[in-house]
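As a basis for the values below, the full set of heavy atoms in this structure was taken, side chains included, without hydrogen atoms, waters or symmetry mates. If you're wondering where the values come from, they're calculated on a predicted model, not measured in any experiment.
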Amino acid sequence: MAFSNTRRRYASFDTVASIPGEVIDAFWFIIDHHLKGVFPLETIINFDLVNSDNLLSIRFSQDNSPTTILVDFGYPFLILKWPHTTEPLK
């Protein structure tokens, strides 16, 4: 089962370079505490960043499944600008 061995986890370079570390940590938190052992996980899973009243929500989905889960976080939703500067959404 994908993601059962947590020693080899990867995020693409573009993801790591453009998203704050706290948000990437949130992806792993969702996998470990909301998905693993609850849903069969494919090798590649999708996360969408959603603006929920200027706070971050993260939507999980998989290409071959109708299931989606939206997890709310108290982290401010940010506009990401290149290179690596952020400002709160207005």
Side-chain angles (χ1 to χ4, degrees):
M1 176 185 282
F3 293 98
S4 59
N5 179 355
T6 57
R7 285 188 280 174
R8 291 184 180 235
R9 293 182 169 183
Y10 304 97
S12 72
F13 175 78
D14 288 342
T15 299
V16 173
S18 63
I19 296 176
E22 296 91 344
V23 176
I24 294 171
D25 291 344
F27 296 157
W28 302 133
F29 181 87
I30 292 168
I31 292 167
D32 290 340
H33 298 283
H34 296 288
L35 302 176
K36 261 179 29 180
V38 178
F39 298 100
L41 298 175
E42 298 175 7
T43 303
I44 297 175
I45 58 179
N46 307 307
F47 289 108
D48 298 309
L49 304 181
V50 178
N51 183 350
S52 298
D53 295 323
N54 292 331
L55 293 176
L56 176 65
S57 295
I58 299 175
R59 182 177 32 240
F60 155 81
S61 66
Q62 298 184 104
D63 290 341
N64 297 317
S65 173
T67 301
T68 61
I69 297 173
L70 187 68
V71 179
D72 297 323
F73 283 87
Y75 192 84
F77 190 90
L78 302 173
I79 298 172
L80 301 176
K81 294 184 176 182
W82 192 255
H84 313 298
T85 60
T86 58
E87 66 180 47
L89 184 64
K90 296 177 182 174

Heavy-atom side-chain contact between Phe60 and Leu41 under 4.5 Å: yes

Gln62 side chain reached by Thr67 side chain, heavy atoms, under 4.5 Å: no

Candidate list Asp72, Leu55, Leu56, Leu70, test side-chain contact (heavy atoms from CB on, under 4.5 Å), partner Val50, passing option: Leu70

CG on Asp48 to CD1 on Ile58, rounded to 0.5 Å: 10.0 Å

With Ser61 via side-chain contact (heavy atoms from CB on, under 4.5 Å) - residues at least two apart: Asn46, Thr68

Approximate separation, where rounding is to 0.5 Å, of Phe27 CZ and Leu35 CG: 12.0 Å

Point-to-point distance, once rounded to the nearest 0.5 Å, from CD1 of Ile69 to OG of Ser57: 13.0 Å

Straight-line distance of Leu49 CG to Phe73 CZ, nearest 0.5 Å: 11.0 Å

For the student: nearest non-hydrogen atoms of His34 and Phe29, plus distance: NE2-CE2, 3.8 Å

Residue that, paired with Ile45, satisfies side-chain contact (heavy atoms from CB on, under 4.5 Å) out of Ile30, Ile31, Asp63: Ile31

Test item: Glu22 side-chain N/O and Tyr75 main-chain N/O as donor-acceptor pair under 3.5 Å: no

